[in-house]
Amino acid sequence: MISQEPQITPWEAEAFVDYEKLIRIFGAKPLTDNEIELLRKVTGELHLMIRRRIFYSHRDLDKWIEAYISGRRCALYTGRGPSGHTHLGHILPWIFTKWLQDKLGVDLFFQMTDDEKFWHSEEKSYEEINAYAYENILDLAALGLDPRKTHVIIDSEDIAFLYPIAIKIAKKITLSTQKATFGFTDSTNIGMIFYPTLQIAVAYFPTELYGEPTEVLIPAGIDQDPYWRIARDLAPSLGYPKPTQIHCKLLPGLDIGGKMSASKPETAIYTTDPPEIAKQKVMKGYTGGQPTAELQKKLGGNPDICPIYKMYEMIFEEDDKKLNERYYACKTGKLLCGECKAELAERVAQFLKQHQQKREKARDYIEKYLIRTKFEEPRKYRTKR
Ligand code: SF4
């Protein structure tokens with residue numbers, strides 16, 4: 001287990017943590033102007049999540065971009081544990097991943113870890129979790145990820161794609177490494193203990209699929225980092241390029257401190273929430289404001305600890321100037337929380353309305369995202385297209 005605070009594992013993480021400290025603990029690098037300029041060179045512009053350092057740390061992003069520039073084969077990889085419907089915290093890295101895919105035209109491998117979520121869940125059946133994997137694919141479609149370049153691997157159904165790689169990984173990981181990295185104990189079920197081999201396997205899979213070394217970039221929340229540390233350590237001995245990462249901060253829930261989480265549904269905005277319900281959640285949300293309007297006008301609010309502000313900053317305000325104005329209007333007491341929340345509630349409702357329409361249309365072509373509809377059996381890994 002990562003012994004120093006703050007505590008972050010794939011299953012337990014806070015949103016308002018000392019992210020600089022996390023970088024040091026994890027041994028990653030902060031995103032600097034150099035990497036940002038390199039990215040601008042290939043994308044032509046910068047996504048707000050880069051400009052605002054929502055994606056803020058990395059491992060070898062510079063090398064991945066240089067590989068892309070030099071014409072080496074590159075791919076993206078991210079994923080989802082489909083334990084329920086998707087909320088805004090889940091789609092945050094997907095929005096950025098879609099932008100990267102659009103700008104660079106590379107394939108994305110998207111893992112649905114229905115096996116992991118079943119092994120981890122106390123309450124949900126495998127069938128229920130597996131059904132959510134398909135529901136979550138609708139969100140990828142609604143965000144506009146290109147089905148020709150987005151290949152979804154549902155672990156429990158597409159295991160043949162991963163298993164030949166996973167067995168090689170499994171042989172190299174000891175139980176003590178698993179315990180030290182993920183905090184597993186003697187009472188952890190053996191499904192969970194095997195599972196990391198599958199999440200790591202996708203990082204190597206494109207190299208097998210294309211039959212040439214493929215540089216894989218993983219945009220994901222920093223809470224997933226423990227997997228990638230092992231993936232990088234093992235890659236050379238298994239003959240794969242080390243996967244590279246770009247880490248994002250976690251979207252806070254609409255209460256104090258925690259990340260947006262399914263364990264607190266009243267503080268999470270789901271993509272399937274009726275827009276009116278989502279509005280109510282925003283209006284009931286915690287803020288960094290003062291207890292009364294009078295005090296807010298006198299003392300100002302604190303946007304740095306405010307989940308409402310974070311929603312603007314991380315997703316819902318594209319314009320840097322307007323975001324900055326909101327920040328200072330809050331600090332100086334010119335903006336009241338009711339007004340600020342009402343505006344966000346409206347933006348969230350509009351987003352959901354459009355997203356849900358696209359989501360429903362995507363039911364007609366969901367299979368276009370499934371890897372099994374595009375590639376042959378794993379030993380040949382030949383494209384059907
Ligand atoms: Fe948060 Fe807005 Fe209130 Fe400031 S005015 S504390 S940003 S809700």
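For ligands, and for the atoms within them, numbers begin at 1 and follow the listed sequence.
Closest to atom 3 (Fe) of ligand 1 among all protein heavy atoms lies Cys337 SG, 2.2 Å. The nearest heavy-atom contact from the protein to atom 1 (Fe) of ligand 1 is Cys306 SG, 2.3 Å. Protein heavy atom at the shortest distance from atom 4 (Fe) of ligand 1 is Cys330 SG, 2.3 Å.
Taking backbone and side-chain atoms together, Cys340 has no N/O/S atom less than 2.8 Å away from atom 1 (Fe) of ligand 1.
The aromatic rings of Tyr240 and Tyr204 lie parallel to each other, with less than 30° between the two planes, well short of the 60° mark.
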_Test salt bridge (charged side-chain N to carboxylate O under 4.0 Å, His left out) applied to Arg347 and Glu343, step by step_ = CA-CA 6 Å; Arg347 290 187 196 192; Glu343 200 182 326; 2.8 Å; yes

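Note on ligand 1: Gln296 sits in its first shell, one or more heavy atoms being nearer than 4.0 Å.
The contact set between ligand 1 and Tyr309, taken as ligand atoms under 4.0 Å from a residue heavy atom, comprises 7 (S). The distance from ligand 1 to the heavy atoms of Gly289 drops below 4.0 Å at these ligand atoms: 6 (S). Which parts of ligand 1 touch Thr287 is read off a 4.0 Å heavy-atom cut-off, strictly below it: atoms 8 (S). Numbered from 1 in the order shown, with element, the atoms of ligand 1 that lie under 4.0 Å from a heavy atom of Gly288 read 6 (S).
In this structure, Gln245 contributes its side chain and Pro243 its backbone to a donor-acceptor pair below 3.5 Å.
With hydrophobic clusters built from ILVMFWY side chains whose heavy atoms lie under 4.5 angstrom apart, Tyr270 does not share a cluster with Val282.
Taking CH2 of Trp64 as the start and CD of Glu35 as the end, the distance is 14.0 Å to the nearest 0.5 Å.
Residues Tyr77 and Trp228 bring their aromatic ring centres within 6.0 Å. For an aromatic pair to be called close, the ring centres must be under 6.0 Å apart, and His85 with Tyr132 satisfies this.
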